[in-house]
*Asks:* 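After the structure tokens below, expect a handful of questions from me.
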Amino acid sequence: MARIRRALADVPRAETPGEVPVERTYHRVHGDRGSAETVDLLAEHLADYRAIVHRADTPDHTGTPEAPGGPGAPSLPALIARLLADRGATSVAVPPGLPDSWLSDVPDAVRRVPDTAEPTPHDLDAVSSVVTACAVAIAETGTVVLDASPDQGRRRITLVPDHHICVIRVPDQVVGSVPEALERLDPARPLTWISGPSATSDIELDRVEGVHGPRTLEVILVGPQTAGRS
């Protein structure tokens, strides 16, 4: 603290950070990639972090069909239904702004758990899965950012259930670098930065997943740029 006080000794008390221009000479993004290459880089880095990456075609959030994802790309509702079935999910947490069409193929037997203030952490621990959208995804770091918008819900529904399905609309929600992502985010919102499933390691470097969040993260890249790529 003493070093900070010394560094600020010549700064007028009334001066605010916005009054002092900061020269930002660092690279905002590395390389010269097109949107499809940026999406592919995101998928590669997500997989490096042990997220499970899928591609899909879908109606957009207004219900208007987007351009086709390409031959063989499953629809988003069908893919979400399959992932929940493969997981054996009996319940799914649903943010209030999640498009209804996304869960339209999920059987009624899978109980929908609304994102409200009532469920306790114990209640949420019993929920099989959660499905959300995202705010932005960063290709260079393989990071998905949530900002608690209506289609993402409260932070806790993405931290307590053991299985998170996160839908990224591409290419619109994918950026190359962290500086590009920060320009899109509101720092006043509760931001959750996710790089793969929750994991930690002890002093022996034994990796343990699921300690601080979901043990399994499945990411669906959905839109006209998704098909035909690994």
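Numbering of residues begins at 1 and proceeds along the displayed sequence.
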*Asks:* For a 4.5 angstrom cut-off between non-hydrogen side-chain atoms, does Leu146 reach Thr158?
*Replies:* yes
*Asks:* Would you say the side chain of Leu103 lies within less than 4.5 Å of the side chain of Arg112, judging by non-hydrogen atoms?
*Replies:* yes
*Asks:* Could you list the residues that satisfy salt bridge (Lys or Arg N to Asp or Glu O under 4.0 Å) with Glu183, not counting sequence neighbours?
*Replies:* Arg28
*Asks:* One pair to check against salt bridge (Lys or Arg N to Asp or Glu O under 4.0 Å): Asp172 and Arg184. What are the steps and the verdict?
*Replies:* CA-CA 11 Å; Asp172 294 344; Arg184 296 191 180 197; over 6 Å; no
*Asks:* For the residue pair Gln152 and Val145, what are the closest heavy atoms and their distance?
*Replies:* OE1-O, 4.4 Å
*Asks:* Counting N and O atoms only, with roles assigned by atom type, does the side chain of Asp125 sit under 3.5 Å from a partner on the main chain of His122, one being a donor and the other an acceptor?
*Replies:* no
*Asks:* Does any donor atom in the side chain of Glu140 or His45 lie under 3.5 Å from an acceptor atom in the other side chain?
*Replies:* no
*Asks:* Applying ring pair (Phe, Tyr, Trp, His ring centres under 6.0 Å), name anything that partners His30, two or more places apart in sequence or on another chain.
*Replies:* His27
*Asks:* Name the residue from Arg155, Arg154, Arg156 that meets the salt bridge (Lys or Arg N to Asp or Glu O under 4.0 Å) definition with Asp115.
*Replies:* Arg154
*Asks:* My understanding is that a hydrophobic cluster links ILVMFWY residues whose side chain heavy atoms are under 4.5 Å apart, including indirect links. Using that, what else belongs to the cluster containing Leu41?
*Replies:* none
*Asks:* Without placing hydrogens or testing angles, list every side-chain donor-acceptor pair under 3.5 Å for residues 81-89, not counting sequence neighbours.
*Replies:*
{"unit_1": "Arg82", "atom_1": "NH1", "unit_2": "Asp86", "atom_2": "OD2", "d": "3.3"}
{"unit_1": "Arg87", "atom_1": "NH1", "unit_2": "Thr216", "atom_2": "OG1", "d": "3.1"}
{"unit_1": "Arg87", "atom_1": "NH2", "unit_2": "Asp162", "atom_2": "OD2", "d": "3.4"}

*Asks:* Enumerate, atom names and distances included, each donor-acceptor pair closer than 3.5 Å involving a side-chain atom of residues 14-21, sequence neighbours excluded.
*Replies:*
{"unit_1": "Thr16", "atom_1": "OG1", "unit_2": "Glu19", "atom_2": "OE2", "d": "3.3"}

*Asks:* With side chain to side chain contact (heavy atoms under 4.5 Å, CB included) as the test, would you mind laying out the steps for Thr143 and Tyr49 before giving the verdict?
*Replies:* CA-CA 9 Å; Thr143 302; Tyr49 280 121; 5.5 Å; no
*Asks:* Find the distance between CG (Leu185) and CG (Leu191) and round it off to the nearest 0.5 Å.
*Replies:* 5.5 Å
*Asks:* Assess the residue pair His164 and Thr132 against the criterion (side chain to side chain contact (heavy atoms under 4.5 Å, CB included)); give the C-alpha distance rounded to whole Å, side-chain angles, the decisive distance to 0.1 Å, and a yes or no.
*Replies:* CA-CA 8 Å; His164 181 191; Thr132 74; 2.9 Å; yes
*Asks:* Give the intermediate values and the outcome of side chain to side chain contact (heavy atoms under 4.5 Å, CB included) for residues Asp186 and Asp147.
*Replies:* CA-CA 8 Å; Asp186 179 356; Asp147 68 358; over 6 Å; no
*Asks:* Around atom CG of Asp100, are there more than 12 heavy atoms from other residues, nucleotides or ligands closer than 6.0 Å?
*Replies:* no
*Asks:* Mind jotting down which residue pairs meet the side-chain hydrogen bond (donor to acceptor under 3.5 Å, both in side chains) criterion with at least one end in residues 2-13? Sequence neighbours excluded, please.
*Replies:* none
*Asks:* Do Glu218 and His163 have side-chain atoms, one donor and one acceptor, less than 3.5 Å apart?
*Replies:* yes
*Asks:* Got Ile138 and Trp193 here, is their nearest side-chain heavy-atom distance under 4.5 Å?
*Replies:* yes
*Asks:* Test side chain to side chain contact (heavy atoms under 4.5 Å, CB included) on Ser91 and Val113 and set out the steps.
*Replies:* CA-CA 7 Å; Ser91 57; Val113 180; 4.2 Å; yes
*Asks:* Which atom pair, heavy atoms only, marks the closest approach of Trp102 to Ile80?
*Replies:* O-CD1, 3.6 Å
*Asks:* Any side-chain heavy-atom pair from Ile157 and Pro95 closer than 4.5 angstrom?
*Replies:* yes
